[in-house]
Amino acid sequence: MSRYEPSVIEPKWQAAWDEAKTFEASRSEDKPKYYVLEMFPYPSGRIHIGHVRNYTMGDVIARYKLSTGHNVLHPMGFDAFGMPAENAAMASGGHPKDWTYSNIDTMVGQMKPLGFGLDWSRMFATCDPEYYGQQQALFLDMLDKGLVYRKNAVVNWDPVDMTVLANEQVEDGRGWRSGALVERRELTQWFFKISDMSDELLSALDTLDDWPAKVKTMQANWIGRSRGLQFAFSTVDAPEAFDRIEVYTTRPDTLMGASFLGISPDHPLAKALEKDNPEVAAFCAECRKGGTTEEAIETAEKLGFDTGLTVRHPFDTSWELPIYIANFILMDYGTGAIFGCPAHDQRDHDFCTKYGLPIVDTFLPVEGDWDIQKEPFVPTKVEKVRYTRGFAGDEVQTGNDAIDAAIAFCEGQGVGQGVTKFRLRDWGLSRQRYWGCPIPVVHCDDCGVVPEKKENLPVRLPDDVSFDVPGNPLDRHPTWRDCACPSCGKPAKRETDTMDTFVDSSWYFARFTAPRAGTPTDLADAEYWMNVDQYIGGIEHAILHLLYSRFFARAMNITGHLPEKCKEPFNALFTQGMVTHAIYKRDDPQTGRPVYFYPEQVELKDGKAFSKEDGGALDTIPSAKMSKSKNNVVDPMAIIATYGADTARWFVLSDSPPERDVEWTAAGAEAANKHLARVYRIAAEVAELDAPANDQDEALLREMHKAIHDVTQGVESFGFNASIAKLYGFTNTLSKSKAGAAAKREAAKTLAQLMSPMTPHLSEEVWALLGGEGLIANAPWPVADEAMLVEDTVTLPIQINGKRRAEISVPKDMPKDEVEKLALSNDAVVKALDGASPKKIIVVPGRIVNVVI
RNA sequence: GCCCGCGUGGUGGAACGGUAGACACAGGAGACUUAAAAUCUCUAGGCCCUAGGCCGUGCCGGUUCGAAUCCGGCCGCGGGCACCA
């Protein structure tokens, strides 16, 4: 009998699938279609065990759907533009293009041996001119429909390198290379008008029934719809054109508790004052230090500057409030001006305490005391509170009711109006970098900003660029910028900004439906294949990528590139966890710096780690995100070389639920491999078995049908770990069964089929061994016989006061009162009752009996 | 700082509000073997001497006949915060 040899069988079956074009998708109306997609990878160099897990999940779905009679589209590509390619070019002198395509070659070469059922004929990289040229066409159509515009926006500016930095290139407020203090600087940038769709993007979340609730919550909070009052304070002695300052507040009910007016350092008034007041200029300059992230702004020390100017309170013109410039007020949100109410807001409370401004309550708890000077009173808006300085509605009311009443009152008084605002900002797509899709517009002295003609697309990136100095190579290229104005034909200059790589990933799923089309999409193909039936990817993309894709799908509908039904392009979403691995380290006694050990340098004894080299004890950090610098990255290629692809696939799906992180352990991989070898051995035995049918057959076949049922349910509901647990159990049953050869062969073939989405190579081999017809990949998925699933008797636990004390075995459909009688006659119950009668008996049919004493 | 998750034996984890710990790893005992590997069988949350009982799902409280599960508060860890992808 032969052994389980993955290195022999895996290439064999991969060749067989290629030969039969098993996974090449083509349109045909005779079967329902199914589009399964995993978020495509960034070509970082080598595939990661996390990729293996992600793509294996998608592959399980794809193979399962294929065997349930679907026309499956399961494509793969690369999200190939982005900063790491430029960083590599800066570090080691190559070209981003060479680096990227060489990485793609490597990664494809690593993915193929894993046996994923992918349609490789559709593969593309977003840096292919064929792809980004179509993206430029899409951009021009969006420009034409008014979905793109230019405005000023702040960027991280490195004053030493004279270049724009990405957020991740800013460390503790300093540029990562120069170490210079980063400043926020305004540049003219291109924007997508995603905010026009705020309301729609929010309300349509309700239609996404098969998306995780947490993702929808995150998106809803991100879009951040709020209702509030917008009104103006009139100023006292302010510069010309600033006699009124518009503010937006979500708490107009606290208007009588206002202590100051706060404006953003980027507010027009601040900018006006800055011009001839050096103190204001110095303060605003101070505020502009640091990075652009919300995190940096929110966690920075709250600073304010008293302008000396005041505004009049709208309800009492003799009441004047000081105008402060404050570093925590964002120009992007609302009107860039707020009124501060320290009694009911922690930040305002801190601010007023710091600058000695009055703290006046507008409401207090319905009962009890509150020292408002010491601590702000910030109840939720659904709680009832007692208004001490209310001006609308009841004295005791909820915050929500008070807000509604306040808006109505103010509108009646002619003080502002109720408005709905969103937190969502327009999507800035300009990047001052080389390795991205060029924005296809031209700057002409006479005609202004002019779109490039479609027949001139793609606007290709030049190859002759260098990365020896900071900044955008397109800016300093000797000739690339020079072109003719598409409108008047005079010499003009190309736009040198390229697109955010999120643009590339916002429509690739649509492109996969017709990857070689001469237009961004082919409507007939999109109509057939869209939407993505199952999208799989990391939770880290919960907001930006998924929101931008939802926006793009709508924009592509408006520009005629996608049908109406694609406005929500992902029918179902699954967010998978990471693959983690322990970190082994110890501090170097000389330098005190941590030294990281590779798993193969580590010896494990009684759960403790020691260096193989010198036997010294090591610290273990369990379940850490894999990171090259921590030496805890597991290379899938090494796993394949040792155990084969099926072992890697089986392992990443077992144990942990897919949405949770899974820890890679050598022991776990070893165990997975042993199990697969065992399945092979059992199948080989069964193939040679020659035993007559007997009374054990039915028990085995019953278990087989239960396995079909449970495994199928696991696959359908992303419970792959549950499917695998069931498969372990069924393997044990089969191994121990004394049933006849025919029944055991049927069971073994079914086992192979149930395993085939996870371990396709082994399954094909077992299938062939047992005389299965054709490829198991094409064999119809087994269907559980309902009659075989029904149990005649059930075991009911008996609880006394909620604690399990006994169990009884009863016929499945025994009436409640008979179960009750049986329970009461149970020894444990009789003993516990000790002659008394129970207070209550709860019988949940088929589940449990609880006797309350 | 803000938003969203997660927390169960030595380990990964299972469990429609209904027998907590399925399945697996590591461990223990045994079979086979000259021996080892491989394989197979049994065992296994903790505590108490056992019958049996007590304690146990990060911590504190609540709802319920019954809570890992629902609610409130805390602690710890992770993801995101608009130029990492």
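Values reported hereafter were calculated over all heavy atoms of this structure, with side chains retained and with hydrogens, waters and symmetry mates removed. A note on names: the letters A, B, ... follow the listed sequences, proteins ahead of strands, and every chain is numbered from 1.
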Which nucleotide in the list B:rG1, B:rA20, B:rG79 gets nearest to the side chain of A:Arg804?
-> B:rA20
Between B:rA82 (P) and A:Leu544 (CG): distance, integer Å | 8 Å
Of all residues at least two apart in sequence or in a different chain, which pass the side-chain contact (heavy atoms from CB on, under 4.5 Å) check with A:Gln169?
-> A:Met83, A:Asn87, A:Leu165, A:Ala166, A:Trp176, A:Arg433
Between P of B:rA82 and CD of A:Glu168, the distance in whole Å = 12 Å
Go along nucleotides 22-32 of chain B 5' to 3' and tag each nucleotide: B for a protein heavy atom under 4.0 Å from its base, S when only backbone or sugar atoms are that close, - otherwise.
-> BSSS-------
Can you establish whether the number of heavy atoms outside A:Asp172 located under 6.0 Å from its atom CG is more than 12?
-> no
May I ask you to check whether A:Phe192 and A:Phe552 place their ring centers less than 6.0 Å from one another?
-> yes
Mind checking A:Val852 for me? I need base, sugar-phosphate or nothing, with any heavy atom below 4.0 Å counting as a touch.
-> sugar-phosphate
Step through the shown structure and confirm whether more than 12 heavy atoms of other residues, nucleotides or ligands are within 6.0 Å of CG on A:Asp827.
-> no
Nearest listed nucleotide, side chain of A:Arg805, among B:rU19, B:rC83, B:rG53 = B:rG53
Check whether any side-chain N or O of A:Arg431 sits under 4.0 Å from OP1 or OP2 of B:rC83, and answer yes or no.
-> yes
Is it true that A:Glu703 and A:Lys706 make a salt bridge, defined as a side-chain N closer than 4.0 Å to a carboxylate O?
-> yes
Should the pair A:Lys421 and A:Tyr333 be classed as cation-pi, given the thresholds of under 6.0 Å to the six-membered ring centre and 45° from the axis?
-> no
Pairwise C1' distance, B:rU19 and B:rU69 [rounded to whole Å] = 16 Å
Could you work out which one of B:rG18, B:rC84, B:rA82 sits closest to the side chain of A:Tyr548?
-> B:rA82
If the C1' atom of B:rC48 is compared with that of B:rA35, how far apart are they to the nearest Å?
-> 42 Å
Report which part of the nucleic acid A:Trp427 touches: base, sugar-phosphate, or nothing (heavy-atom distance under 4.0 Å, all strands).
-> nothing
CG of A:Asn156 versus P of B:rC84: gap in Å, rounded?
-> 9 Å
Compare the minimum distances between each of B:rU41, B:rG12, B:rC81 and the side chain of A:Ser656, then state the nucleotide with the smallest one.
-> B:rG12
Which whole number of Å gives the distance between the C1' atom of B:rG17 and that of B:rA68?
-> 11 Å
Duplex segments of RNA chain B, taken as runs of at least three Watson-Crick or G-U pairs that stay under 3.5 Å | B:1-7 with B:75-81, B:10-12 with B:23-25, B:27-31 with B:39-43, B:45-48 with B:52-55, B:58-62 with B:70-74
May I ask you to say what A:Val170 touches in the nucleic acid, namely base, sugar-phosphate or nothing, with a heavy-atom cut-off under 4.0 Å?
-> nothing
Take the protein atom CG of A:Asp827 and the nucleotide atom C1' of B:rG52, then report the distance between them rounded to whole Å.
-> 15 Å
Per the atom types in the model, does the base of B:rC3 pair as donor or acceptor with the side chain of A:Gln219 at under 3.5 Å?
-> no
Side-chain atoms of A:Gln189 come closest, of B:rA82, B:rC83, B:rG79, to B:rC83
Any side-chain N or O of A:Lys803 under 4.0 Å from OP1/OP2 of B:rA67?
-> no
Nearest-Å distance once atom C1' is located in both B:rC2 and B:rA82 | 14 Å
Does OP1 or OP2 of B:rC65 have a side-chain N or O of A:Lys840 closer than 4.0 Å?
-> yes
A:Asp79 CG to B:rC84 C1', in whole Å, measures 11 Å
Return the nearest nucleotide to the side chain of A:Arg847; candidates are B:rC65, B:rA85, B:rC16.
-> B:rC16
In whole angstrom, what separates A:Glu301's CD from B:rG1's P?
-> 15 Å
Given that A:Thr217 and A:Thr501 both sit by RNA chain B, which one's nearest nucleotide is further toward the 5' end?
-> A:Thr217
Main-chain N/O of A:Ile536 paired to A:Gln576 side chain as donor or acceptor, under 3.5 Å = no
With distance as the sole test, does A:Asn673 use its side chain to make a donor-acceptor pair with the main-chain N or O of A:Thr647 at under 3.5 Å?
-> no
Please measure how far the C1' atom in B:rG58 lies from the corresponding atom in B:rG66, and state the result in whole Å.
-> 23 Å
A:Ser737 side chain to A:Thr733 backbone, donor-acceptor under 3.5 Å = no
Quick check: are there more than 12 heavy atoms from other residues, nucleotides or ligands sitting under 6.0 Å from NZ of A:Lys151?
-> yes
Taking the same atom, P, in B:rC4 and in B:rC74, what whole-Å distance lies between them?
-> 14 Å
B:rA67 and B:rC59: how far apart are their P atoms, nearest whole angstrom?
-> 15 Å
Tell me yes or no: between the side chains of A:Asp158 and A:Ser178, is some donor less than 3.5 Å from an acceptor?
-> yes
Side chain of A:Glu495, backbone of A:Asp497: donor and acceptor closer than 3.5 Å?
-> yes
Winner on side-chain proximity to A:Glu807, out of B:rC65, B:rU19, B:rA82, is B:rU19
Ignoring hydrogens and angles, are the base of B:rC81 and the side chain of A:Glu294 linked by a donor-acceptor pair under 3.5 Å?
-> no
Of A:Ser430 and A:Pro657, the one whose nearest nucleotide on RNA chain B sits closer to the 5' end is A:Pro657
A:Lys736 near the nucleic acid: base, sugar-phosphate alone, or nothing, with a heavy-atom cut-off under 4.0 Å?
-> sugar-phosphate
Under 4.0 Å between any heavy atoms, over every strand shown, what does A:Phe502 touch: base, sugar-phosphate, or nothing? Just pick one.
-> base
Round to the nearest Å and state the distance from A:Ile800 atom CD1 to B:rU19 atom C1'.
-> 13 Å
Is the base of B:rC65 touched by the side chain of A:Asn850 through a donor-acceptor pair closer than 3.5 angstrom?
-> yes
Rounded to whole angstrom units, what separation is found between the CG atom of A:Asn801 and the P atom of B:rU64?
-> 15 Å
Answer yes or no: is there a donor N or O on one side and an acceptor on the other, between the side chain of A:Gln219 and the main chain of A:Leu202, under 3.5 Å?
-> no
When we call it a touch if two heavy atoms are under 4.0 Å apart, what does A:Leu424 touch: a base, just sugar-phosphate, or nothing?
-> base
Contact class for A:Gly428 (heavy atom, under 4.0 Å): base, sugar-phosphate, or nothing?
-> sugar-phosphate
Could you check which of B:rC81, B:rA20, B:rC3 has an atom nearest any side-chain atom of A:Asn221?
-> B:rC3
Do you know the tightest heavy-atom contact between A:Ile329 and A:Gly262?
-> CD1-C, 3.3 Å
Given the P atoms of B:rA22 and B:rG12, what is the spacing between them in whole Å?
-> 15 Å
With respect to the side chain of A:Gln432, which nucleotide from B:rC42, B:rC83, B:rA85 is positioned closest?
-> B:rC83
Where does B:rG56 fall, syn or anti, if syn means a chi angle no more than 90° from 0?
-> anti
For the side chain of A:Pro84, starting at C-beta, report the closest nucleotide among B:rG13, B:rA85, B:rU19.
-> B:rA85
